[in-house]
Amino acid sequence: IVGGVLARVLRRLLSAPERPDALRSSAGPLSSLAFSLALIVGLIVALGFVSPDALADLDTQIIDYTPKVLSAAIVLIMANVAGTFLATILDRSLGHVSPSLRARVVPLAKGSVMAAAGLIAANQIGVDTTILTLLAAALFFGVAAAGALVVGLGSRQVSAEVAAGR
């Protein structure tokens, strides 16, 4: 309840008309962050009431886990920068193709970079990503095999039409 009230008050304060546009646009994410933090604090307090000895080594666990979370965050931030850079390059280099094809390729490329970074970040914080890595490899090799079959079986004209956006 406290988190909901805090989030609602923060959203109203930040989205006031006299606030700058950047602050108003960040009102939603900041209020969501405040709600999440209040929820975490509430869960820790509840855990303290239910099982006080479970909180005995919480501080060392947080200290041990913080570098993993920070390295995962750095990976995601750098992937966002690299994905934006790749999207900008693709957008400029695909200027001669149809806008509908460009509108599909550019977000797909950035999404692929972010998905790969998500796998790396999840691995950094200790999540077993073996099955996800296998799934990503199968998807990649499936697309590559389909492309090889298209070219190998003589569908060059059809693939040229698809690439041209017709």
Side-chain angles (χ1 to χ4, degrees), residues 3-4 6-40 62 65-166:
L6 179 66
R8 187 166 291 153
V9 167
L10 188 63
R11 184 179 298 223
R12 283 200 182 150
L13 285 175
L14 294 178
S15 61
E18 65 271 2
R19 302 281 185 196
D21 287 338
L23 194 58
R24 281 191 312 215
S25 66
S26 65
L30 287 175
S31 64
S32 177
L33 176 67
F35 175 76
S36 300
L37 290 175
L39 179 69
I40 290 170
I62 290 175
Y65 200 65
T66 301
K68 294 177 183 180
V69 171
L70 288 176
S71 65
I74 289 170
V75 165
L76 290 175
I77 290 169
M78 294 306 290
N80 190 23
V81 170
T84 303
F85 185 67
L86 177 66
T88 303
I89 289 172
L90 281 175
D91 194 37
R92 289 185 182 176
S93 65
L94 294 176
H96 64 282
V97 299
S98 70
S100 64
L101 181 64
R102 191 175 3 160
R104 286 181 283 175
V105 169
V106 172
L108 181 67
K110 184 175 181 180
S112 299
V113 169
M114 290 303 293
L119 282 174
I120 294 169
N123 195 13
Q124 283 289 326
I125 60 173
V127 175
D128 186 18
T129 58
T130 305
I131 191 70
L132 295 175
T133 304
L134 290 174
L135 179 67
L139 181 68
F140 174 74
F141 287 123
V143 169
L149 285 173
V150 164
V151 172
L153 295 176
S155 300
R156 292 182 190 178
Q157 183 63 30
V158 174
S159 57
E161 294 288 328
V162 169
R166 295 183 224 150

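Values reported hereafter were calculated over all heavy atoms of this structure, with side chains retained and with hydrogens, waters and symmetry mates removed.
- For A109, the side-chain contact (heavy atoms from CB on, under 4.5 Å) partners two or more places apart in sequence, or in a different chain, are L86, L90.
- In terms of heavy-atom proximity, F35 sits nearest to A7 at CB-CB, 3.9 Å.
- Between A87 and K110, the shortest heavy-atom contact is CB-CB, 4.5 Å.
- A distance of 10.5 Å separates OG1 in T66 from NZ in K68, rounded to the nearest 0.5 Å.
- Atom CG of residue L70 and atom OH of residue Y65 lie 11.5 Å apart, to the nearest 0.5 angstrom.
- Interatomic distance, CZ of R102 versus NE2 of H96, reported as 9.5 Å (0.5 Å rounding).
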**Request:** With side chain to side chain contact (heavy atoms under 4.5 Å, CB included) as the test, would you mind laying out the steps for L76 and N80 before giving the verdict?
**Result:** CA-CA 6 Å; L76 290 175; N80 190 23; over 6 Å; no
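- Shortest non-hydrogen contact noted between V113 and A79 is CG1-O, 3.6 Å.
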Please list every donor-acceptor pair under 3.5 Å in which a side-chain atom of residues 129-136 meets a protein atom from a residue at least two apart or in another chain.
{"from": "T130", "atom 1": "OG1", "to": "D128", "atom 2": "OD1", "distance (Å)": "2.8"}
{"from": "T133", "atom 1": "OG1", "to": "T129", "atom 2": "O", "distance (Å)": "2.8"}

Acceptor/donor pairs from residues 114-127 side chains to any protein atom, 3.5 angstrom cut, sequence neighbours excluded:
{"from": "Q124", "atom 1": "OE1", "to": "S71", "atom 2": "OG", "distance (Å)": "3.1"}

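- What you find for R11 and S31 is that their closest heavy atoms are NH2-OG, 3.1 Å.
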